[in-house]
Amino acid sequence: MTFAPLVFKGDHISIIDQTVIPVQERWLSARTVDEVAHAISVMQVRGAPLIGITAAFGLVFSARGIGSTGDEFMESFEKDVETLRSTRPTAVNLFWALERMRALATKLKDIDPAMRNEALTREAENILAEDVDMCLAIGRNGAVLVEQGETIMTHCNAGALATGAYGTALGVIRAAHEGGKGIRVIARETRPRLQGARLTAWELHRDNIPVTVIPDGAAAHIMKSGMVHRVIVGADRITANGDVANKIGTYDLALIARAHNIPFHVAAPHSTVDFSLDSGDDIPIEERDAEEVTTLNGERLVAKGVPVMNPAFDVTPADLIDSIITEAGIARPPYTESLKRLLGKRGS
Ligand code: MRU
């Protein structure tokens, strides 16, 4: 099993700062809602499931800071829910985890604050533990698709660093590796935040899983050479019809995989599925600071005054996706039926 990027220490959470990997392995403490919200906003903590888990602990600290009960308690608690909701708009796991905590808080609002806080703490710990179990199940389910000696391409980081531990797309890769399938991984660097180069390569290399980093633009050229057997990526939000929002560049990776007849899979737990949205057209896409594009390590790359666009996610249409690997099994098209059948009772 891989390391966990977040550890609950009773009065705070300890999180590995993902903005400085691989140069440093620095752990940060967060013990208030504002510290948790800041860590999510600046992407010290990132990856859809981990954002949700971290926010759940943010609400544990919120509840502990509120002495009152009843509607007075809920009024303050809801403000903190709102602070956390406004950190990042695309990954639905954030809203799923906040809603789970809010529902429990509403149910327990009138009881003794110490008992209420204890129950909320247990709920956040459950959210974390369940995520690890789901990643292990996704790994087991997805590894069945992988054949001996394959090279798998991935994008961004859907690994231990993005979850409670083990990962989703990298969970499948880990399970295939542990099963002795002799796989290799190609990680796209993932401009502009470089989660592939900085995070995916770091965590796979640490686990002795062979990984090669390529510039994003090299993927089609490498696929054409016949070197890639499969693509597996994670997701930030999957709609009822199987459209998938994931890190910017995922859509073009799916298009070039299809052009080269290479299977394209998405791996995600039920907390990433948003049955309330019919299609990906309705997913809010985060637009991040232009500076992520105009500068690199503080050095200016783009002439001052030149406009840039920096959407952090894109939506891959369901018809480019060969399967969606979940903890409950593998969904295949048409996703409107298969997702409902597999996850209907669990999905958000
Ligand atoms: O902006 P990020 O780094 O939070 O984006 C992360 C991704 O796009 C991941 O692929 C996704 O959250 C799945 S993580 C299991």
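Every number for a ligand or one of its atoms is a count from 1 in the order of the listing.
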Atom 6 (C) of ligand 1 sits nearest the protein heavy atom R46 NH2, 3.4 Å
Under a 4.0 angstrom heavy-atom cut-off, which atoms of ligand 1 come close to Q195?
1 (O), 2 (P), 3 (O)
Does ligand 1 have an atom under 4.0 Å from some heavy atom of N157?
yes
Atom 14 (S) of ligand 1: nearest protein contact (heavy atom, Å):
A162 CB, 3.4 Å
Among residues at least two apart in sequence or on other chains, which ones pass ring-ring contact (aromatic ring centres under 6.0 Å, His included) with F8?
F57
Mind checking who shares a hydrophobic cluster with L277, ILVMFWY linked at side-chain heavy-atom distances under 4.5 Å?
I283, I285, F313, V315
List ligand 1 atoms under 4.0 Å from R88, heavy atoms only on the residue side.
1 (O), 2 (P), 4 (O)
Pairing of R85 and E78 as salt bridge, 4.0 angstrom limit:
no
Smallest separation among heavy atoms of T168 and I138, with atom names
O-CG2, 3.8 Å
Is there any N or O on A158 that sits under 3.5 Å from an N or O of ligand 1?
no
Taking the minimum heavy-atom distance to atom 1 (O) of ligand 1, which of K247, R193, Q18, R237 ranks first?
K247
Does K247 come within less than 4.0 Å of D216, counting only side-chain N to carboxylate O?
no
Which residue and heavy atom of the protein sit nearest atom 15 (C) of ligand 1, plus the separation:
T168 OG1, 3.1 Å
Is A312 close enough to touch ligand 1? Criterion: a residue heavy atom under 4.0 Å from a ligand atom.
no
Please determine if H155 has a nitrogen or oxygen closer than 3.5 Å to a nitrogen or oxygen of ligand 1.
no
Answer yes or no on whether R116 is positioned over the face of F73, meaning its NZ or CZ is under 6.0 Å from the six-membered ring centre and within 45° of the axis.
yes
Taking 4.0 angstrom as the limit and counting only heavy atoms of G47, give me the atoms of ligand 1 inside it, by number and element.
4 (O), 12 (O)
Nearest protein heavy atom to atom 11 (C) of ligand 1, by residue and atom, and its distance?
D236 OD1, 3.2 Å
Could you tell me if any non-hydrogen atom of M43 lies under 4.0 Å from any atom of ligand 1?
yes
In terms of side-chain geometry, is the basic nitrogen of R191 or E189 positioned less than 4.0 Å from the acidic oxygen of its partner?
no
Hey, is the main chain of P284 close enough, under 3.5 Å, to the side chain of T90 for a donor-acceptor pair?
yes
Between W96 and F275, does the ring centroid distance fall short of 6.0 Å?
no
Mark the output for C156 as yes if a heavy-atom distance to ligand 1 is under 4.0 Å, and as no if none is.
yes
Considering only heavy atoms of A48, which atoms of ligand 1 have at least one such atom less than 4.0 Å away?
12 (O), 14 (S)
Donor-acceptor contact present, side-chain D243 to main-chain A318, <3.5 Å
yes
Salt-bridge criterion met for K181 and E147 (N-O under 4.0 Å)
no
If you scan protein heavy atoms around atom 13 (C) of ligand 1, the nearest is A235 O, 3.3 Å
For atom 9 (C) of ligand 1, what is the closest protein heavy atom, and at what distance to 0.1 Å?
N246 OD1, 3.4 Å
